[in-house]
Amino acid sequence: MLNTRNESFVRLLLLSAQAAVSEAALPIATLVAVGVLGHHHDPGHKPSPPPSAAVASSTGTTTATPSEVVAAFAAVEAVLTFVANITNFLVVVTMAQLTKARSHGDARAVRLRGLLALGVAGGLGVTLAGVVYALRTPLVQELYALSPAVRHLVPPYLPWRLGCLPLLFVQRACAGILGGCHRLGMLTVLQVLNAAAYALAVYVAAGVLHKPLSHVGAAIFATQVPSTLAFLLGAAKALRSEQRDATSGKNSSKGKGKHDSDTGRPDQAPEPAAGTATTRRGCCPAVVVEYLSKSGDLVVRSVLLQATVFALSIGAGHLGTHTLAAHQVLIQLWMVTSYVVDGTADVATMVGAHLVARGDGVRMRRLTWRLGLVAGVTGAVASIVFFAAEAPIQRLFTSDMAVRHALAEAWPVLAGFQLVNALVFFLDGAVFAFQAFSFVRNVMLVGFFVLFLPAFLAALLHWHAWLGLWIAKGLLNSWRCGTAMAYVLAIGLPGLSRRGGSEDKTVTSVATDAAAATLAAPAPSVFATGIQQHHGDDDMGTEKQPLLTEPP
């Protein structure tokens, strides 16, 4: 049993560290893969390139250089990452709606929403995999202006990775189910093991057996099948447990006899909210409409965020093979830092949403400044490390001097913007605690079309400068940081102070439910899916969890 009212500085650090470990598992696995492939000569057949780019073999075939292997890997992974990350709702909305149904003690609604999420995930995964495969030539090869040598590596590798797409979507839906059912320890274990299996597959296939990139893809696929089965078994167990708990009356009695740590009043079991889309006689079409409408609210922002990363990959591809290979290293370093700092964003949302719902402006202000300090120090340390260890870090990921030269060109942006990045990642979580989702969406719309896109096109078409591409990304993050800080300090916190101790139910969302439930279990964060910005919609729920609950 855990006191959810504890926001001491040490406790916040521990929560942030837990969330950071969960967030960083998959990016670290991808970094390992890039590092292994950056020293890997693909032995597969390909058209004979110039002598400087190939190593002749005794059979008259050639081997692909490490930079060509990483470039092919980068092109495929960039497309798949874009497609996968615009479906973050499979985690966020699923977790949020299951949390809402669970807080009402409605096991039927939990099961129905869980099965709906799995069905959407599987169908969408198969559909999008087919679309990408049908458009593989313009989408993967021509869009990146790949060289003939790199293009030859893509076709054997792409089908294996597309086969992983439906599995990935199902894993995300299962993560939402486990999070919504508060099976936090199981979720974290599955995620870490899945990331470890991915990294191990690449290391064994490329680093130990020295197989071609197509075999690396097959090895990754082979690990994802059992991982997906494990996720499905975990989700099924969680749903069955919810049904048993409802049958025994556990959910309906949860919270009785416990006391609110502030008021001393006994917490009452939550009553189903009026207008809930699913009751025990609920309508399945209504559930579908609700789920899809909530999901659509998150897609716009995800598309714009992923479009910036996708655009950077396309721009790097048009600037040459070595630049594309360097970009894959740089974007992974950029994203690993963001996932680590996202630990503070997760805590800002989990704890902050609870405080906002209670109208506790004093403690919300204290939480904001403490987590902001953690994020700022983290960004400053990351900046110092990247500046001080530039050469060793570059050598760790590639032995190609041309790729290192490209990395050195954009390295000042990677190192110099770490403080801004850390603050914007944290502030996103703080803004979500205030349920300002439309504000963040509008900020992204303005930032993308007014700042990022013009700067990106000028750098690519006029100056042909890779550094300029990353400066465009830095401008966007600076805009996001400034606007989010203005919202929190000038709108959110002052408005919360004016509202005082209001308990208006209309401002309480399922993020509050998730916050209380997450902090109520001595396990890693529910936001342990390796997916950036795990936040729900502003009106997904209206009931609060008891402040003190037994771990499920």
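Nothing fancy with the numbering, it's 1 onward along the sequence. Quick caveat: nothing in here was measured; it's all calculated off a predicted structure.
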Could you go through the side chain to side chain contact (heavy atoms under 4.5 Å, CB included) check for F417 and S383 one step at a time? CA-CA 7 Å; F417 273 89; S383 182; over 6 Å; no
Side chain to side chain contact (heavy atoms under 4.5 Å, CB included) evaluation trace for T223 with L200: CA-CA 9 Å; T223 65; L200 184 63; over 6 Å; no
Should V424 and W479 be marked as a side chain to side chain contact (heavy atoms under 4.5 Å, CB included) after you check the CA-CA gap, both sets of side-chain angles, and the distance that decides it? CA-CA 9 Å; V424 75; W479 163 255; over 6 Å; no
Using side chain to side chain contact (heavy atoms under 4.5 Å, CB included), reason through F169 and L128 one step at a time and then give a plain yes or no. CA-CA 10 Å; F169 284 13; L128 290 179; 3.7 Å; yes
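Remark: Y487 OH to F434 CZ distance equals 7.0 Å, nearest 0.5 Å. Annotation: the span from L493 atom CG to L367 atom CG amounts to 9.5 Å, rounded to 0.5 Å.
Ring geometry for W470 against W466 counts as perpendicular: the plane angle is over 60°, on a 0 to 90° scale with 30° as the lower cut. Between Y157 and F73, the ring-plane angle classifies as tilted under the 30° and 60° cut-offs. The aromatic rings of F386 and W411 lie perpendicular to each other, with more than 60° between the two planes, well past the 30° mark.
Residue D360 comes nearest to R363 through the heavy atom pair OD2-CD, 2.7 Å, listed as atom of the first residue, atom of the second, then distance. Between A72 and L153, the shortest heavy-atom distance links the atoms CB-CB, 3.8 Å. T323 and A406 make their closest contact through CA-CB, 4.3 Å (heavy atoms, listed as atom of the first residue, atom of the second, distance). Taking all atoms of both residues into account, the shortest heavy-atom contact from L469 to L312 is O-CD2, 3.3 Å. Taking every heavy atom of both residues into account, L419 and A380 meet most closely at CD1-N, 4.4 Å. Closest of all the heavy-atom pairs between H464 and L319 is O-CD2, 3.9 Å.
At least one side-chain heavy atom of F426 sits less than 4.5 Å from a side-chain heavy atom of L371. Here the side chains of Q328 and F397 are not in contact, with every heavy-atom distance at 4.5 Å or above. Using a 4.5 Å heavy-atom cutoff, the side chains of T81 and F310 are not in contact. In this structure the side chain of S227 never reaches within 4.5 angstrom of the side chain of L190, judged on heavy atoms. Inter-residue side-chain proximity for Q394 and L330 is flagged as unmet; no heavy-atom pair is nearer than 4.5 Å. The shortest side-chain heavy-atom distance between V309 and W334 does not fall under the 4.5 Å cut-off. Looking at heavy atoms from C-beta onward, Y198 lies in side-chain contact with T30 at the 4.5 angstrom threshold. Put simply, the side chain of L304 does not reach to within 4.5 Å of the side chain of T308, judged on heavy atoms.
Counted by atom type alone, Q224 and Q171 present one or more donor-acceptor pairs between their side chains at under 3.5 Å.
Screening D400, L333, I393, T398 for a side-chain contact (heavy atoms from CB on, under 4.5 Å) involving L407 leaves a single residue, T398.
Remark: Y203 OH is loosely packed, at most 12 non-hydrogen atoms of other residues, nucleotides or ligands lying under 6.0 Å away.
In summary, R301 and D428 engage in a salt bridge, as defined by a charged side-chain N under 4.0 Å from a carboxylate O.
The closest donor-acceptor contact from the side chain of R172 to the backbone of A84 lies under 3.5 Å. Side-chain atoms of Q418 come within 3.5 Å of backbone atoms of L414 as a donor-acceptor pair (strictly under, hydrogens ignored). A donor-acceptor contact shorter than 3.5 Å links the side chain of E68 to the backbone of T65.
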